[in-house]
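Report on one structure; see the data block that follows.
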2 protein chains.
Amino acid sequence: MANQASKNSKRTPCENCPLRRLAIFRDFAAEELAFVSNFKTGELAVDSGATILLEGTHSAHLFTVLSGWGFRYKMLDDGRRQILNYVMPGDIVGLQGSLMGEMQHSIEALSPVTLCVFERDRLNQLFTGHPDLAYDLTWIAAREERILDEHLLSIGRRSALERAAYLLSFLYQRAKVLDLFRGNRVAIPIRQQHVADTLGLSVVHTNKTLKKLADRGLIRWVDGGCNVRDIDGLLAIAEWKGISEHKRPFI
Amino acid sequence: MANQASKNSKRTPCENCPLRRLAIFRDFAAEELAFVSNFKTGELAVDSGATILLEGTHSAHLFTVLSGWGFRYKMLDDGRRQILNYVMPGDIVGLQGSLMGEMQHSIEALSPVTLCVFERDRLNQLFTGHPDLAYDLTWIAAREERILDEHLLSIGRRSALERAAYLLSFLYQRAKVLDLFRGNRVAIPIRQQHVADTLGLSVVHTNKTLKKLADRGLIRWVDGGCNVRDIDGLLAIAEWKGISEHKRPFI
DNA sequence: CGCCGGATTGACTAGAGTCAAAACGCGTGG
DNA sequence: CCACGCGTTTTGACTCTAGTCAATCCGGCG
């Protein structure tokens, strides 16, 4: 049958979704689960470094990240790049494009990423048939907005050191609730270039700034990324209270 | 009758909403109009400089701006302020807070502002009974996200001159489609301090930057604000294509 | 061993912040 | 009608943060 997962498709059934087990995500009602399960038309797996969605294109799909890390970014014509936010499991990508047409930002994978695929054409089914899910979708959009507000404050008004501390504590906290670090042995999979492009700094100055954080024992650069050693220290430098989320929806 | 506007209440009936007449906004179906009209519980008028919503509070309402200008901002504990975006007629304010609880940004009026008042408790009526309006709400949230993406790119990667040109052309374009300038005699009601707090610059440096734009004849500071003289010149400096919106929803 | 993509460093430059004084425009009170 | 005060815009001088350029270092890998 078409909507039954076969063994080779590697498809994770929604009933078995590993994200649902996490404390940070809310529970689904059986009926919602049934709809989402049917709404999901497939699964996409991409390699680290791959472009998931490209600015200027129209995608017929939107996705929920099932596993892996990525980032959203925009570029100026002359090549300057600004990273807008990072995407992690449970995040929806491509919603903007689905609602409004053309994508106005790109998304790239920082690690191998798997995504649940949804058809944008069936979004209205969600709105008409499932007000609760529609509410969740709006909630998720509002959450993204809130994060962008915070980033804007950071880039606009914090010093380089504060910005770096903010960003790393932000990423650490988001990943932490998703249980992405197995006992801290896994690092945030970014290069200093990503940090620079997120904070609006040059790589050189970013490096010097990160060095200060490392010298104070707050972070450490390892194999393929950054390891947070002292989250409270980072939060203090950033003059930030951190993310406060108890339960949140996902689709 | 309770839901009938009296003459003294100065209430603008939705059927008569001046915003509906603007080409930029989509049309309402009669049935939607009826719902919104009933959803609207009042009207709020505030003076220039007033705080409409305050960070850290819980508001029982959300609003649509009917007339006037304002801005959203966040502050760090030590007083540094970052303006996140501007609000103009047709914009919804307080949605984030309504969905997620506490407000995490403040909103202040730049001119006398009137707002349509809605009860946050009745938002779920909108989601359950009016999928089309729910869709619009999500669309509006996605639009705000898109604008923030653009601002982030600007603050992070554009030079001071480019940023200033971007911001002023952004505001000009938004106001233009709302027919807010009567033949260009009305200016954007901001001080240079607002520009500075939006661009992440000091007032002094902002002044020097704006001076360059003024010297080139692109803008002019008048009575209570900024006058755009050469929108194409600004767009060129900002290396920006401008806003492209045909019709958009509003509630 | 030599190549390659990051991470580091150092020297120099340029863009943006700070401090402080002046110039302006406008409303108010004498 | 004019002086005074206040909020803003302008300017100039000086400081400092962040950018640029260029070399070096380092670990992984063919």
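Within every chain, numbering begins at 1; the chains are lettered A, B, ... in the order of the sequence lines, protein sequences first and strands thereafter.
- When rounded to the nearest whole Å, the span between CD1 of A/I219 and C1' of C/dT8 equals 14 Å.
- For A/Q96 and A/Q104, the side-chain atoms include no donor-acceptor pair closer than 3.5 Å.
- One atom, CD1 of B/I190, and another, C1' of D/dG7, lie 16 Å apart when rounded to the nearest Å.
- Counted by atom type alone, B/D197 and B/Q82 present zero donor-acceptor pairs between their side chains at under 3.5 Å.
- Atoms CD (A/Q192) and P (D/dG19) sit 14 Å apart, rounded to a whole Å.
- A straight line from NZ of A/K211 to P of C/dG6 spans 20 Å, rounded to a whole angstrom.
- Here D/dT9 presents its P atom at 18 Å from NZ of B/K212, a figure rounded to the nearest Å.
- Taking atom CH2 on B/W221 and atom P on D/dG7, their separation rounds to 18 Å, with Å as the unit.
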Quick one: do B/R157 and B/E239 satisfy salt bridge (Lys or Arg N to Asp or Glu O under 4.0 Å)? Show the steps, please. CA-CA 12 Å; B/R157 287 307 183 197; B/E239 197 183 306; over 6 Å; no
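- When the C1' atom of C/dG5 is taken as reference, atom CZ of A/R191 falls 9 Å away, rounded to whole Å.
- With B/L218 as the fixed residue, the side chain to side chain contact (heavy atoms under 4.5 Å, CB included) test singles out one of B/D232, B/I237, B/V228: B/I237.
- Distance from the side chain of A/N207 is smallest to C/dT8 among C/dT8, D/dT10, C/dG6.
- Between the P atom of D/dT9 and the NE2 atom of B/H194 lies a distance of 9 Å, rounded to the nearest Å.
- The side chain of A/Q193 places no N or O atom within less than 4.0 Å of a non-bridging phosphate oxygen (OP1 or OP2) of C/dG5.
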Protein heavy-atom contacts under 4.0 Å, written 5' to 3' over nucleotides 23-30 of chain D as B (base), S (sugar-phosphate only) or - (none), form the string --------
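- When only modelled atom types and interatomic distance are considered, A/S48 and A/S111 share no side-chain donor-acceptor pair under 3.5 Å.
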Just by protein heavy atoms under 4.0 Å, how would nucleotides 13-23 of chain C read 5' to 3' in B, S and -? ---BSBB----
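- Side-chain polar atoms of A/E150 and A/W240 form a donor-acceptor pair below 3.5 angstrom.
- Checking B/T198 against B/Y86 by side-chain atom types alone, a donor-acceptor pair falls below 3.5 Å.
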